[in-house]
Peer 1: 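Dumping the structure here so I can ask a few things about it.
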There are 2 protein chains.
Amino acid sequence: MTNILDTIIAQAKLSKKETVKQQRIVESAIALFAEKGYANTSTSEIARASGVAEATIFRHYGTKDNLLLSVIVPFLKEFNPLLMQDVIQTVKPEDHETFEDFLTALLRNRAAFLQENKEIFQIVVKELLYREELRKDLLPHIQLDLVLKHMYKALDRYKASGELADLPNEMLMRMIFTCIGGYFATRFILLPERSEAQYEQELKMLLRFILDGVRGKG
Amino acid sequence: MTNILDTIIAQAKLSKKETVKQQRIVESAIALFAEKGYANTSTSEIARASGVAEATIFRHYGTKDNLLLSVIVPFLKEFNPLLMQDVIQTVKPEDHETFEDFLTALLRNRAAFLQENKEIFQIVVKELLYREELRKDLLPHIQLDLVLKHMYKALDRYKASGELADLPNEMLMRMIFTCIGGYFATRFILLPERSEAQYEQELKMLLRFILDGVRGKG
DNA sequence: ATAAAAAGTAAGTAATCACTCACAAAATTG
DNA sequence: CAATTTTGTGAGTGATTACTTACTTTTTAT
């Protein structure tokens, strides 16, 4: 069996354009997968929701699994450049005097991205939780190297200015990301019904917490 | 329609004892639900895995959904007293001079509990992610009030001794729990394949991070 | 304008799903 | 021991699943 991902990417390159009906299929699939999960959504349901014959789905995507990948893969492929270029180019340490400013910009940048791609983000997280094979196939294609290098440089800069503790970059990154991940998970997946103002306030709290922990300055 | 939870609890009280085959059914169901998820596991599969006729499952549990609840509810019911009594009684602030010691004890206590109930924990998290109705029915039955009161008292104590920042208890709790939640999620759900030593080291890092954040002491 | 290719679909397919039923075996009760 | 209840099951049920096939419509290329 060949790699699913490469198959999809190759197929995506071959197909010159997306039909109107294809767009509607993917659109409906995203909404339904995000709402009820992949396994709980039937192809007939997707067909009905997108006003298309069920056979049309299979004409274009072959299998249901393939449709899921056609939804996830473009997101991950976009996620890469967006995570890399968007983050690296628009959130530069040299533009931010303090690490606090830098981290604020980074958090706002990522929060905005996830807000825009909330549904697909939900699908990716939920399905990656369930399906180990997907995890193994898809995760390696998210190349974090460049972003990590970018982040490490940023960390070094703020360590030099004494604003960050002199801890290993790896450790700092893992702590920061676990924390941010927890925040994003509760915000976009567990409790997606709060107000913007609440999110804003929580984001500020999160920042203060990441920077200073819970210990008094004594 | 009546409340699912109450129905189950009532039913559990009625059924005097668990049959050997019932135990095997629940055992197999837990393993399969945790591995492949509820929707991806068929009742025939559970029957085969537990060496029982498929009809036997429906004799005891009526529906597949009911079987899932028979797995989740006892866990949540146990979770409550265990979270409350076990935590409140064995992790007392008066036994720990510093907040660091207290938090260490708390983290170890919870980590041990989740390690023992890893599979059911995975099922609960995954299914609660997917199914809003389950969330609405089950979450209210986890009464965190007592634990929160216990924690608030602890926080006040360590605030008074100057070891904790003088921030609102609610805020402190949310930050600590988001952070711990992120750690437990990565440990027990996302990356469940690391060594004990790694977990131990990470737990220490997590503690330091919660206490001091990433900011240098300058 | 016409041939070829691509897009779309109605009406299937076999397989699997959760679940039922009639009945037998085993355990419990009087 | 006999009557009754509980536990267990083989053989189904209709519904739904992902997917196919044979065919029509639309688009594209020449």
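Hydrogens, waters and symmetry mates are skipped; everything else that's a heavy atom, side chains included, is used. Proteins get letters first, then strands, A, B, ... in listed order; numbering begins at 1 in each.
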Peer 1: What is the distance from CZ of A/R59 to C1' of C/dA6, rounded to the nearest Å?
Peer 2: 8 Å
Peer 1: Can you list the residues that meet the side-chain hydrogen bond (donor to acceptor under 3.5 Å, both in side chains) rule with B/E200, with sequence neighbours excluded?
Peer 2: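 Counting only residues at least two positions away or on another chain, B/E200 forms a side-chain hydrogen bond (donor to acceptor under 3.5 Å, both in side chains) with B/R108.
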Peer 1: Rounded to whole Å, how long is the line connecting atom CZ of A/F58 with atom P of C/dA11?
Peer 2: 18 Å
Peer 1: What do you reckon, is CD of A/E132 surrounded by more than 12 foreign heavy atoms closer than 6.0 Å?
Peer 2: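 It does not: A/E132 CD has 12 such atoms or fewer within range.
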Peer 1: Is there a side-chain polar atom (N or O) of B/K21 under 4.0 Å from OP1 or OP2 of D/dG8?
Peer 2: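 Checking D/dG8 against B/K21, no side-chain N or O comes under 4.0 Å of OP1 or OP2.
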Peer 1: In this structure, how many angstroms lie between the C1' atom of D/dA18 and the CG atom of A/L69, rounded?
Peer 2: 16 Å
Peer 1: Could you state the NZ-P distance from A/K64 to D/dT17, rounded to the nearest angstrom?
Peer 2: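 Between P of D/dT17 and NZ of A/K64: 9 Å.
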Peer 1: side-chain contact (heavy atoms from CB on, under 4.5 Å) with A/K149: which residues, sequence neighbours excluded?
Peer 2: none
Peer 1: Measure from CG on B/L68 to P on C/dC19 and round the result to the nearest Å.
Peer 2: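 It works out to 12 Å between those atoms.
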Peer 1: Kindly state which residues belonging to residues 34-57 of chain A come within less than 4.0 angstrom of DNA chain D, counting heavy atoms of the residue only, listed by number.
Peer 2: A/T41, A/S42, A/T43, A/S44, A/E54, A/A55
Peer 1: What is the distance, to the nearest angstrom, from the CG atom on B/L32 to the P atom on C/dA18?
Peer 2: 12 Å
Peer 1: Within the structure, does a side-chain N or O atom of B/H60 lie under 4.0 Å from either OP1 or OP2 of D/dG8?
Peer 2: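 So the side-chain polar atoms of B/H60 do come within 4.0 Å of the phosphate oxygens OP1 or OP2 of D/dG8, strictly under.
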Peer 1: Just jot down the side-chain hydrogen bond (donor to acceptor under 3.5 Å, both in side chains) partners of A/K36, sequence neighbours excluded, or say none.
Peer 2: A/E45
Peer 1: For residues 167-181 of chain B, which residue pairs qualify under side chain to side chain donor-acceptor pair (under 3.5 Å), counting only residues two or more places apart or in two chains?
Peer 2: A/E202-B/R174, B/D156-B/N169, B/K159-B/N169
Peer 1: Going by the rule side-chain contact (heavy atoms from CB on, under 4.5 Å), which residues pair with A/Q115 if we only count those two or more places apart in sequence or in a different chain?
Peer 2: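 With sequence neighbours excluded, A/Q115 shows a side-chain contact (heavy atoms from CB on, under 4.5 Å) to A/K118, A/R187, A/F188, A/E196, given in chain and number order.
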Peer 1: Roughly, in whole Å, what's the span from CG in B/L67 to P in C/dA18?
Peer 2: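 Rounding to the nearest Å, CG of B/L67 and P of C/dA18 are 11 Å apart.
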